[in-house]
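The sequence lines fix the lettering, A, B, ..., with proteins before strands; numbering per chain opens at 1.
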2 protein chains.
Amino acid sequence: MRGNVTDGPVLKPVRKERVSRQVFDQLKEQIVKGQWPAGTKLPSENELAKQLNVSRVSVRSALQMLAALGLLETRHGEGTYVRELSGDLYLNALFPLLALSKTNIFDVLEYRRVMDPGAVVLATERAEAEDLAELERIYHRMEVDKENYKAFAHADLEFHLCIAKATKNPIFIKVNTIIRDILNASMEGIVRALGIRDGLHYHRQILQALQDRDPSRAERLMREHVDRTIQRLREEGGEKVGGEA
Amino acid sequence: MRGNVTDGPVLKPVRKERVSRQVFDQLKEQIVKGQWPAGTKLPSENELAKQLNVSRVSVRSALQMLAALGLLETRHGEGTYVRELSGDLYLNALFPLLALSKTNIFDVLEYRRVMDPGAVVLATERAEAEDLAELERIYHRMEVDKENYKAFAHADLEFHLCIAKATKNPIFIKVNTIIRDILNASMEGIVRALGIRDGLHYHRQILQALQDRDPSRAERLMREHVDRTIQRLREEGGEKVGGEA
DNA sequence: CATGGATAGTTGTATGATAACTCACATGTT
DNA sequence: AACATGTGAGTTATCATACAACTATCCATG
C-alpha cells in the first residue's frame, strides 16, 4: 500500500515524565549549579511539596534518590542537607559494577594487597586519637567474638575500613566501603576456612604499629597479612568459600 | 567527685536502624549474594511489604534507593527487575557537571600513587602482546598530540587505564575507569600547568620497563611519576586547574 | 484471524495521621 | 549565676488507605 501512515515517522511519543523524576531533576539542578552549596539546609519536605505543588510522597521519593547517590544527607528530626560534592561521589557507580558481576575473591584480595599497605602508611601519619580508639574497640570485639564467625568476620572488615578512614582520603574510604559491602557475603566463609589465629595476630600487631606511628613496620605487617591470607586460601582451595551463589 | 559515672564508657548507644535501611540491606544482600541474578523479577511491592511486615512506603523507599544506585530497574505497571549489568555507567548524568576542587584532585592523585605502582607490577607479569601494542599506540598518540593539550591529556589517562587493563584484574580496571572519568575534566588543566615533558619521559620509560618485564623498575618509575606530578602540582598551586563549570 | 476492549496485576501519586527524633527555649533547682 | 530538667515546635520516618496510570494477557466480537 502506498501512502501508508507507518512510512513517515512523524509522530513522536508524548512526554510522560514521572512527577518524582521532575522533582529529582529540579533539586539536582539546584545542587549541581551551585544554587545550594554544600552544607545548605533544604526547605522542609512539607514546604517543598507546597512550593512544587506535589505530594510529600513525591518529594520524599526524589530526596531519597538524591541521598542514595550521595548528593544529599537527611538527618532524622533535623532536616536535609547538601553534601560536599567530591570525587568519591562518582565511585558510587563502582558498587553495582562489582556487585552485579561475579567478582572473584582473589581479585579483591589482590587489590587489597596493593591498597591496604599503602593505606596503612598514610594512616600512621594521619590517624587521630579517636581513630586509634575505634580500632582498639574493633580489635577487642574480635577477641570477644572468637567463637562467633559471623561477628568476627564483620569486625575484621570493619578493622580494614577503619584504617582507610584514618587516611582521611575519601577515595580510600569509599572504595574500601564498597569492598566491605561486597565481601561481607563471603567473609564468614573465609574466616571459617582459615580460622581466627592469623587475623587476631596480625591485627594486633598492625594496631600496635599504628600506635607507635611506625609506617614501615605497619606496611610490612599489612602486606604479610594479606599475602598470608591469599596463600592459605589458595592452599585450602578457595573455590568453596566464595560459593554461595 | 569519685565514682562518677562518666569515668567508664560502658553504656553503648542503642541500635536504632531505620526500617527502610533494613529493607534496603536485605534486598541488597539477595542481589549481591546472587540469589536474584540479573533479570530477575522481584515480588510486587505489596507482596514484599507483607513478607517483611512493613508498610509499602518503606519497601518503596528501599527499592528507589537501589534503583538510584543502578541495581534495580522499575517499570511502571510491570514490575521491578534486577538490572542487567551494561558496562557503561548510568551515573554519567552527573559527570560533566562537577568541577573538582583542588583537594579532590590531590585525593585522587594520592590514591593513584598507591594503586598505579601496584598495578604496573602486576602488569609486567600479565601483559599480553596486544596490551603492549595498545600502550605503544597510546604513547605514540601522545608524541603526536604534543601541541593539543586536550588530546594529550586524554591519551595520558588512557595510558594509565591500559596498564590497569593489563593486570587482568577487574577491580583495578573498574576503579581506574572511574578515576579516568573523574580526572577527565581537570586533566587538561593539569597538563597545561605542568607541561608535557615529564609525562612523555616517564611514560616512555615505563613502557620500556613493561616490555623488558622488569617489575621493580616499572614500579619505581611509576611511583616517581605520580610523586613528581603531585609535587609539581603543589608548587604550581593547583587552585586553577579544576575550573570549567 | 484480526481488532478492540475488558480485566487483573503492578507501579506511581495523593492524603492524612502518628511515631521518632533534634534543637532551642523556658523553667525550676541549687 | 550555673546547671539540670522539662516542654514545645519543627522535621523526618513510618503507617494505612485510596486512587491514578500503566502493562500484559485473555477473550469476545466482527
Side-chain angles (χ1 to χ4, degrees), chain A residues 1 4-6 11-28 30-31 36 39-83, chain B residues 1 3-6 11-28 31 36 39-83:
Chain A
M1 293 190 178
N4 196 319
V5 214
T6 60
L11 289 97
K12 289 179 292 184
V14 295
R15 190 142 194 77
K16 41 180 172 179
E17 205 169 7
R18 315 229 183 300
V19 176
S20 56
R21 176 74 199 179
Q22 295 181 52
V23 176
F24 176 91
D25 286 333
Q26 282 203 50
L27 297 180
K28 190 189 74 179
Q30 294 296 313
I31 298 168
W36 290 343
T40 305
K41 177 178 180 178
L42 269 65
S44 76
E45 297 176 351
N46 277 317
E47 182 64 28
L48 284 172
K50 199 188 299 176
Q51 285 186 26
L52 296 164
N53 193 33
V54 297
S55 79
R56 203 183 138 210
V57 178
S58 302
V59 172
R60 277 184 65 76
S61 177
L63 291 177
Q64 282 161 359
M65 289 192 280
L66 288 166
L69 290 176
L71 273 75
L72 293 180
E73 176 187 2
T74 63
R75 301 183 204 151
H76 188 175
E78 200 178 339
T80 304
Y81 297 82
V82 179
R83 284 181 41 142
Chain B
M1 292 190 180
N4 197 318
V5 218
T6 59
L11 281 65
K12 291 177 294 186
V14 295
R15 188 147 195 73
K16 42 180 172 181
E17 206 170 8
R18 315 233 181 296
V19 175
S20 56
R21 177 71 198 183
Q22 294 181 52
V23 176
F24 177 90
D25 285 333
Q26 281 203 51
L27 297 180
K28 191 185 72 180
I31 298 169
W36 291 344
T40 304
K41 178 178 180 179
L42 269 63
S44 76
E45 297 177 352
N46 277 315
E47 181 65 26
L48 284 172
K50 201 186 299 176
Q51 285 186 25
L52 295 164
N53 193 32
V54 297
S55 78
R56 202 185 138 207
V57 176
S58 301
V59 172
R60 277 183 64 77
S61 176
L63 290 177
Q64 281 162 356
M65 288 193 278
L66 288 166
L69 288 175
L71 281 119
L72 294 180
E73 176 187 2
T74 63
R75 301 183 203 150
H76 189 178
E78 199 178 343
T80 305
Y81 298 81
V82 179
R83 205 180 162 102

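For the segment residues 72-79 of chain A, the set of residues with a heavy atom within less than 4.0 Å of an atom of DNA chain C comprises His76(A), Gly77(A), Glu78(A), in numerical order. Contacts between residues 41-54 of chain A and DNA chain D, defined by a heavy-atom separation under 4.0 Å, are made by Ser44(A), Glu45(A).
Val57(B) comes within contact range of at least one nucleobase, with a heavy-atom separation under 4.0 Å. Residue Ser20(B) is in sugar-phosphate contact alone, with no base atom involved, counting any heavy-atom pair closer than 4.0 Å across all strands shown.
Mapping Arg56(A) and Arg56(B) onto DNA chain D by nearest heavy atom places Arg56(A) at the nucleotide closer to the 5' end.
Side-chain nitrogen and oxygen atoms of Ser55(A) include at least one within less than 4.0 Å of the OP1 or OP2 phosphate oxygen of dA14(C). Residue Thr80(B) has no polar side-chain atom (N or O) positioned under 4.0 Å from OP1 or OP2 of dT10(C).
Using modelled atom types, no side-chain atom of Glu17(B) and backbone atom of Gln22(B) make a donor-acceptor pair closer than 3.5 Å.
Of the inter-residue distances, the one linking Ser55(B) atom OG with Arg60(B) atom CZ reads 11.0 Å to the nearest 0.5 angstrom. Lys28(B) contributes atom NZ, which lies 10.0 Å from atom CD1 of Ile31(B) (distance to the nearest 0.5 angstrom). Residue Arg83(A) holds its CZ atom at 12.0 Å from CG of Leu66(A), rounded to the nearest 0.5 Å. Note that the NZ atom of Lys50(A) and the OG atom of Ser44(A) stand 8.0 Å from one another [nearest 0.5 Å].
In this structure Gln30(A) satisfies the side-chain hydrogen bond (donor to acceptor under 3.5 Å, both in side chains) test with no other residue, sequence neighbours excluded.
Taking all atoms of both residues into account, the shortest heavy-atom contact from Met65(B) to Gln64(A) is CG-O, 4.0 Å. Taking every heavy atom of both residues into account, Ser20(B) and Ala62(B) meet most closely at O-CB, 3.8 Å.
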All N/O donor-acceptor pairs, side-chain side in residues 72-82 of chain A, below 3.5 Å, sequence neighbours left out:
residue	atom	partner	partner atom	Å
Arg75(A)	NH1	Glu78(A)	OE2	3.4

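You'll find the side chain of Leu48(A) stays beyond 4.5 Å of the side chain of Val23(A), heavy atoms only.
At whole-Å resolution of the value, CD in Gln64(B) and P in dT10(C) are 18 Å apart. Between Lys16(A) atom NZ and dT13(C) atom P there is a gap of 14 Å when expressed in whole angstrom units.
In 5' to 3' order, the nucleotides of DNA chain D bounding all contacts with chain B (an atom under 4.0 Å from a heavy atom) are dA13(D) to dA24(D).
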With side-chain contact (heavy atoms from CB on, under 4.5 Å) as the test, would you mind laying out the steps for Leu42(A) and Leu63(A) before giving the verdict?
CA-CA 10 Å; Leu42(A) 269 65; Leu63(A) 291 177; 3.9 Å; yes

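End-to-end axis angle for the helix from dC1(C)-dG30(D) to dT30(C)-dA1(D), using five pairs per end and rounding to 10°, comes out at 10°.
Partner Phe24(A) forms a side chain to side chain contact (heavy atoms under 4.5 Å, CB included) with one of Val19(A), Leu69(A), Val59(A) and no other, that one being Leu69(A).
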